[in-house]
Each structure stands twice: as C-alpha cells, then as structure tokens.
Amino acid sequence: MTTSVSPPETVPAQERTAGHRMPFWVNQRLGLLVLVIALSMLFGVLRPAFLDQRLVLFPLLRDVATLTVVALAQMVALSVGHMNLAVGRMAAFGAMFAGIGYDRLHLPMQAGLLLCLAAGAAIGAVTGWLIARTGVSSFVVTLAMDFALLGLVSLMYSGLTEDAAFTTRPAGIDALRSYSLADICVGPLCGSPAVPQLAQFTVFAMLGLGFLYGCTRIGRELLLTGAIPAAAELSGIPTGRRVLLAHTLSGLLAALAGFMAAAGTGTFRASIGDDFMLPSFLGAVLGGTLLTGGVVSVLGTLLGTALVGVIRKGLDLLGVGLESLNIYLGCILLLALSADRIRTVVSYRKVVRST
Amino acid sequence: MNSVLLECRDLVKVFPGVRALDGVGLRLTAGSVHALLGENGAGKSTLIKVLTGVHAPDGGTLAWEGEPVQLRSPLEATRTGIGVVHQERNLIPGFSVAENITLQKPPSRRGLVDYAAMTEPAAGCLTELGVDLAPDRPVRELSVAQQQLVEIAKALYTESRVLLLDEPTASLSPEETERLFEVIRRLAERGACVVFVSHKLEEVFAVCDTVTVLRDGKSVLESSPLADHSHDDIVSLMVGRAHAATELHPRPVDRSAAPALELDGVATAGGHRDISLAVRPGEIVGLYGLVGAGRSELVKAVLGLGRITAGEVRVHGRTARISSPRQALHEFGIGYVTENRKEEGVFLEQPIVRNITVTVWRRLARAFGFVPARKERETAQGLVERLGIRIAGLAQNAGELSGGNQQKVSLAKWLAADTRLLVIDEPTVGVDVRTKRAFHELIWELAHDGLPILLISSDLAEMVTLADRIVVMTDHRVRGEVDNDRDYDRMSGRIIRLIHDRDAVRS
C-alpha cells in the first residue's frame with residue numbers, strides 16, 4: 001500500500017505549462033543593465049570626456065566597487081527582513097582597526113585587512129546577537145549601534161592620532177588605490193585601464209554571496225527567515241542563528257567596504273563611511289532586493305549601485321552643481337523605480353489579455 | 001418588499017493564467033439570506049472582491065436597485081451600501097468597540113474626531129443586532145465571535161443594505177454560530193440582504209433561503225430558492241458530478257504497540273495542567289476542543305516554543321526535552337502542520353519548491369552546504385504528484401495557489417522529511433468539500449502506513465470521520481477520552497457532555 005492519493009481531477013497539460021511566466025523584459029536586472037549602458041552612452045555623447053578610461057571611468061568604477069560592497073552589506077541584512085543603519089559606522093570601525101594595525105603594529109597589508117574584517121564581523125555579530133536575543137527591532141538596535149560607534153571611533157582616533165587619521169601606509173596599498181587591469185599583462189595583452197584592481201574585493205564578495213544565496217542551504221534559510229520568521233522557525237530553521245549570521249556578514253562586508261574606501265583615498269580616518277547609509281539602500285533596493293526580506297539580488301545590487309554612480313558622475317561632468325545634482329538624482333531614481341513598476345503592470349496586463 | 005438590491009450579469013475577471021470569473025450572474029433581493037457556494041478556487045473570493053470594489057471586473061454589468069453602477073473602490077462600495085465582513089478580522093486591536101464601528105465615518109467636530117458622539121450610534125448598532133457589548137471596551141479583549149459581531153455592527157453603521165459574510169463561522173463554537181444566525185435573520189427582517197459564504201452546508205440550510213453556486217468561475221445555479229434543492233443536489237452542483245460519500249476502508253490499529261508520543265502529567269507555562277495522552281504508530285488520535293482550549297499551544301510547547309513546567313514528554317520511547325522545532329524535526333522526526341497557514345505554514349512570497357524542500361535541505365546538501373537544484377526539484381515534484389497539488393510550475397510563488405493547494409504544500413514539507421510523528425492542526429478549515437475529502441483520505445492513508453498522527457480539529461464531523469480515539473480538551477485541561485465508534489450522533493453527544501460537565505464543575 002502506498003500513500004499516494006490520486007488527484008481528484010487531473011490537470012490538463014496546457015494548464016500546467018501555461019504558468020505565470022512573465023516576458024523576459026520584465027526582468028529588473030536586464031532593465032537596469034540597459035539603463036546603465038544607455039545613460040553611459042548618452043553622457044558619452046554629451047561629454048566625450050565621460051568615456052575617458054583613466055580620468056573618469058577608473059575613479060567611477062572604484063567608487064562603484066566600494067559602494068557595491070556597502071550595498072551588499074545592506075542586502076544581507078535585508079535578506080532576513082532586517083536593516084543595518086550602522087553600515088557606515090561599521091565600515092569606519094573596521095577601517096580603524098586596519099589603521100591601528102598598520103600604524104602601531106606595522107602589519108603587512110593582508111594582515112591588516114584580516115584584522116579589519118574580523119573587527120567588522122565581531123561588531124556585526126554583537127549587533128545580531130542583541131537583536132536575536134532581545135527581539136528589539138533591527139532598526140532600533142542598529143541605529144543605537146550607529147551612535148555608539150560614532151562616538152567610539154571618534155574618541156579612538158582623537159586619542160591615538162594627532163590629526164585624526166592613521167597615515168602609515170603598508171606596502172601594496174598604493175597599488176590597490178591606483179592600479180588597474182592595465183597593470184596586469186599576460187604577454188602583450190593587458191587589461192582595461194578603466195577597471196581598478198580594488199574591484200577584486202567586490203568580485204569576491206559577489207561570488208561568495210551569489211553562491212551563498214543561490215546554491216546553499218544557509219542562503220535559502222536566510223531568505224525564508226526574512227520571508228516569514230514564524231513559519232521559518234516552525235519549519236525547523238534556527239532563525240535566531242540566521243539573524244546572527246546575517247548581521248555578522250553585514251558587519252564583515254561593511255568593514256571590507258571601509259577598507260576599500262580607505263585604500264581608495266589613502267588614509268584611515270574617522271569620516272570613512274559617513275555617506276554610506278543612503279547609497280547602501282539605494283543600490284540594494286534598485287537592484288530588486290525587497291525591503292521586507294526574502295528576496296535578494298547580488299547582480300542587481302551591483303547594477304543598482306552602478307546606475308547611481310553613472311548618474312552622479314555624468315551630471316557632475318555636465319556641470320550640474322552639487323545641490324541641483326541631488327535633485328536630478330532624486331528624480332531619476334524615482335523614474336527608474338516607477339519604470340520598473342510600469343513594466344510590471346504592462347506585462348501583467350499582457351498576460352491577462354492572453355488568458 | 002422583495003425588491004432587487006444588487007444584480008450582476010456575465011461578470012468576468014481575469015488574472016494571469018486564470019479566468020477567475022467567467023460569466024457570473026447574481027441577484028440579491030432585500031430581506032433574504034443568500035448562500036454563495038462553491039469549492040476553493042471556484043471564484044467566491046474574487047466575486048466578493050468585485051462586489052466590494054477591490055477588483056474592477058473585466059466584463060459584465062453591475063446594477064444597484066436597477067441602476068447601473070461602477071464600484072471603483074471599497075469606499076464607493078461602502079457608500080453604495082455594500083458591506084463586507086472578511087474571513088480575517090480587520091479590526092484595530094487597540095481601539096475601542098465604538099471607535100472600530102465608526103472607523104469608516106467617525107463623527108467629527110471641527111475636523112477633529114468627536115469621541116463623545118461616537119458611543120451613541122455605536123451602541124445603537126449593537127442593540128440593533130441584539131448584542132450586549134460595552135462600546136468602550138478595547139477590541140483586543142474580545143473573543144473571536146464578539147469581534148465578528150463588531151464587524152457586522154461596523155457594516156450596519158455605514159448603512160449597508162447588502163452584507164457579505166465570508167466564512168463567518170469558521171472559528172465559532174456551535175452556540176456562537178447559533179447566535180450569529182439570529183443576528184443574520186434579524187438583519188434580513190430589517191430588509192437587508194445577507195450573503196452567506198460557507199463551506200458548511202448544514203449551516204447554509206439552517207439559515208439561507210436563496211442560493212448561488214459557482215463552479216470554475218461560472219454560476220451554475222443562480223439565485224435559486226434553496227428549498228428547491230437537496231443537500232446532495234447542491235454538493236453535486238459544486239463538485240460538478242454526483243459524489244457518493246466515500247467510506248474510508250477499515251484500518252486496524254495495534255493498541256499494544258509502544259506509543260510514539262506520550263505526554264505524562266504535562267503542565268506548561270501557558271496554563272496547561274496534568275495533560276496525559278498517547279499516540280501509537282498507525283493511530284489517529286483526535287484532540288478536540290473549542291477554539292481557545294489550548295490545543296495548539298500544547299503542541300507548540302511540546303515543540304519547544306513554550307515552556308513545559310512539569311511532567312514528562314516521551315517520543316518513540318525516549319524522554320524528550322525539546323527546545324526548538326528544529327530539534328523536534330531532526331532529532332525526533334516530529335512534523336507540525338499548523339492551523340495558521342498564512343502566517344506559519346506557507347511562505348506565500350516564495351517558490352513552491354522552497355516551501356516543500358525547506359525541511360530536507362540539510363539532507364540534500366553536499367560540501368559547503370551546496371544544495372543541488374535538480375535534487376530539490378525532484379523531491380518537490382514527487383510530492384506535488386503524490387498529493388495532487390495543482391500548480392503551474394515549481395517556481396511559482398505559493399501565494400498564487402488556492403487555499404486547499406497551499407494547505408497541501410504545508411503538509412508536503414513534512415512528508416518530504418519522512419517525519420515519524422505528525423501533528424495536524426485544523427487541516428480543513430476553509431477548504432472545500434472535495435479537497436476536504438482528499439485530505440481525509442490522505443491522512444487516513446498516512447496512518448495506514450503506520451504514521452502516528454495527532455489530529456487537532458474543531459470540526460466534530462471531521463473528528464468522527466478520522467480519529468480512532470478522541471481526547472477532549474477545554475480550558476487547558478484534558479476532560480476525558482472517547483473511543484470513536486464512528487457513529488456521529490452518539491460521539492457528538494458524549495463529547496458535548498464532556499465539555500459541559502466542565503461547566504457544571506466550574507459553576
């Protein structure tokens with residue numbers, strides 16, 4: 001005897017396959033990619049200087065590389081339905097440890113980076129532990145953490161340094177700042193001078209998270225924890241541990257971004273990460289990550305961040321002043337998000353009509 | 001008298017991949033109680049949403065007292081005179097009864113809400129319904145049944161002449177249901193039309209006088225006097241063909257087998273005292289009681305979501321101190337199909353495949369926690385076929401399925417994990433006749449294959465159909481146990497007596 005119960009009414013084959021498939025152009029990632037390329041071309045036509053590999057694209061991509069990691073840090077917190085308002089300060093906290101390592105302990109670059117990541121992961125873990133343990137919302141806990149770290153980091157810098165920055169630079173960090181793929185040659189073949197070597201960290205982070213969320217048990221469990229915590233718990237997912245993990249990862253990525261920002265500017269100072277928080281949400285949400293948890297997109301986060309970067313740089317080159325630049329940026333972002341909504345509605349109607 | 005309030009013809013509503021309404025006609029006359037029947041997915045919810053202005057129809061006409069109307073928003077529907085009480089409660093827990101009743105049109109003075117002027121009309125509505133409730137009580141203190149009456153009062157306050165009640169009795173006790181029926185009859189006498197949506201045909205025949213039956217988005221019976229139809233007529237109209245009531249084949253239970261689950265004098269922090277029961281392999285033990293008796297809470301405490309303060313829990317002969325559902329699943333093989341499908345059972349915004357395989361990722365995972373997508377799909381596909389779940393594709397979000405199919409998904413994850421003890425909580429609330437029967441057969445077969453099952457249900461008929469023994473619980477205590485001989489009248493008599501003896505003891 002088997003436990004199979006025959007379906008009371010078999011479903012016709014075409015009903016099974018008819019499905020709810022949306023046309024390919026509804027795909028948010030594709031839309032973003034098209035938008036990024038189109039805008040780059042538009043700016044390139046209006047100001048040919050925009051396409052200058054060394055002077056424009058290189059610094060642009062270096063910023064995008066750093067901000068993508070920041071947005072990924074936010075994305076990981078969003079994946080469990082939480083947020084991390086302290087991304088910027090965690091970045092500063094991590095970078096500070098790298099700075100101390102180089103300045104006081106004279107560590108090699110890689111060791112300083114590891115120290116930085118460990119500090120970020122630790123502060124993330126503390127945050128996650130507080131949230132999982134107390135049940136206080138992540139909004140409140142990370143906001144409090146943001147203030148606490150702001151104070152702590154400023155105090156440490158003013159106590160340990162004279163001009164509020166660690167200036168000792170380990171060997172290799174200058175290369176990270178200014179070297180591009182053009183400095184890596186295989187025989188006569190060299191890479192593009194537009195792509196900074198700093199981007200290697202972004203690529204690592206993206207590959208790691210892509211594997212985590214796309215292929216592994218833990219990644220799926222993070223997403224389900226974000227979708228409905230109560231249901232996840234009842235399905236046998238240790239939701240407390242997943243929340244802890246998400247915040248630990250978020251702290252680690254924030255610290256990585258802090259290191260990248262410091263490497264990019266050349267000094268380790270308290271102001272690192274000051275302007276990280278808003279872009280972190282922008283990049284993640286534009287890329288298709290849900291604020292309510294349960295859905296993330298690693299590639300989308302890169303594209304979302306790239307979109308914001310291109311718009312900023314392009315308008316800057318067009319001579320739009322900083323104040324009005326922000327107005328344009330706001331409008332374009334609104335448009336980008338509405339365009340996505342419009343796409344969804346139009347394709348929905350199309351599918352409905354064909355039914 | 002008997003004027004037509006609302007009439008619709010040839011209503012069509014299309015969603016991606018499905019014609020939810022495909023030619024529905026409905027005529028609602030003043031002073032009647034109208035039954036709206038149909039299986040899950042037949043289009044009842046969609047019809048209600050069209051009539052209350054949530055969805056715009058893609059075709060067909062609507063007329064209010066003979067005049068064509070368009071209901072572009074819920075507000076317009078309310079203004080027209082159509083009120084609705086949804087299956088889910090829509091009250092604001094922190095507000096008082098009066099504030100909730102007058103919520104849509106609060107009395108105001110100089111742009112500010114006039115709290116003093118709120119009590120009187122609210123109390124008026126409650127009196128009209130024959131309900132004795134203080135208007136200043138916060139809604140959070142009310143029972144489910146009382147909250148429902150507040151929602152009806154809310155509809156009365158906005159002068160609704162057509163009142164749609166969607167599964168109003170799903171979580172009411174028999175007495176509460178009877179009181180609701182009195183309210184419904186009173187409303188009809190006042191010249192309103194009450195539309196009663198329910199899966200319980202006994203109730204429909206008790207309170208309704210006209211009936212519309214939907215099947216596959218079409219009205220197969222349109223505003224017909226209920227007296228012209230028999231119970232079986234209606235069922236065959238809903239299902240589409242005559243259905244003889246299937247008898248479940250006999251299933252021997254070995255009463256001498258060692259119990260798979262044993263509670264021995266268990267007390268919990270939630271207020272349970274001295275609970276003892278046992279479930280043997282291949283046995284279905286019913287845990288019967290009214291809503292609020294503490295049955296689900298007991299199970300959750302056993303699963304580690306509540307604290308057990310005394311007594312012992314033994315699973316498969318082993319003393320079990322379970323601290324989380326995760327431990328319950330992986331160490332003891334316990335699965336729990338929750339009654340609360342939408343909040344605890346199914347991830348509505350996630351693909352079906354994830355919903356089913358969540359319990360087995362650990363088993364499927366290779367190095368670095370890598371879960372092969374192919375294995376995952378195979379596991380899910382196997383269960384979809386085994387349970388006859390109707391889906392468009394495994395990547396579809398579970399929220400797009402009908403209620404019955406969602407419930408099957410919620411069960412599927414435990415079958416995927418090969419659980420050795422299954423707790424099933426209210427499996428067929430709000431599920432149509434055919435799905436209900438399929439579910440009963442499925443639970444029966446699982447027990448036949450030796451799975452021990454603890455079945456929680458407030459549906460006495462379901463208990464008598466399925467359970468081998470019925471443990472009766474009220475007020476967080478076990479009141480007694482009945483050996484089920486599948487004679488509904490005798491069983492219900494004994495169970496009701498067990499419940500009422502408690503009242504005798506208390507008073």
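In what follows, every heavy atom counts, from backbone to side chain, and hydrogens, waters and symmetry copies are set aside. Lettering follows sequence order; numbering is per chain, from 1. Keep in mind it's a predicted model, so treat the numbers as computed, not measured.
By the 4.0 Å N-to-carboxylate-O rule, A:Arg220 lies close enough to B:Glu376 to be salt-bridged with it. Between B:Arg437 and B:Glu441, none of the side-chain N atoms (NZ, or NE/NH1/NH2) sits under 4.0 Å from a carboxylate O, so this pair counts as no salt bridge.
Per-residue counts of heavy-atom pairs under 4.5 Å with chain B were compared for A:Gly236, A:Pro229, A:Gly214; the largest is that of A:Gly236. Among A:Pro238, A:Ala232, A:Gly219, A:Ala230, the residue with the largest count of heavy-atom pairs under 4.5 Å with chain B is A:Pro238. Interface check for chain B: of the options A:Ile218, A:Val295, A:Thr292, A:Thr216, the most heavy-atom pairs under 4.5 Å are formed by A:Thr216. Chosen from B:Lys342, B:Glu344, B:Arg362, the residue pairing most often with chain A at heavy-atom distances under 4.5 Å is B:Glu344. For chain A, the option among B:Arg354, B:Gln327, B:Lys300 with the highest count of heavy-atom pairs below 4.5 Å is B:Arg354. If you tally non-hydrogen atom pairs under 4.5 Å between each of B:Val358, B:Leu303, B:Leu329, B:Leu348 and chain A, the highest count goes to B:Val358.
Within the 3.5 Å criterion, the main-chain N or O of B:Ala56 finds a donor-acceptor partner in the side chain of B:Lys13. A donor-acceptor pair is defined here as one N or O able to donate and one able to accept, closer than 3.5 Å; no such pair exists between the side chain of B:Glu349 and the backbone of A:Ala227.
More than 12 non-hydrogen atoms from other residues, nucleotides or ligands lie less than 6.0 angstrom from CZ of B:Arg251.
The contact between B:Tyr336 and chain A is made entirely by side chain atoms (from C-beta outward), counting heavy-atom distances below 4.5 Å. With a 4.5 Å cut-off on non-hydrogen atoms, B:Trp414 touches chain A through its side chain but not through its backbone. For A:Leu290, no part sits under 4.5 Å from any heavy atom of chain B, backbone or side chain. With a 4.5 Å cut-off on non-hydrogen atoms, B:Glu343 touches chain A through its backbone but not through its side chain.
B:Thr338 and B:Asp425 share no side-chain donor-acceptor pair at under 3.5 Å.
Nearest heavy-atom pair, A:Ala71 versus A:Thr301, reported as atom, atom and distance to 0.1 Å: CB-CG2, 3.3 Å.
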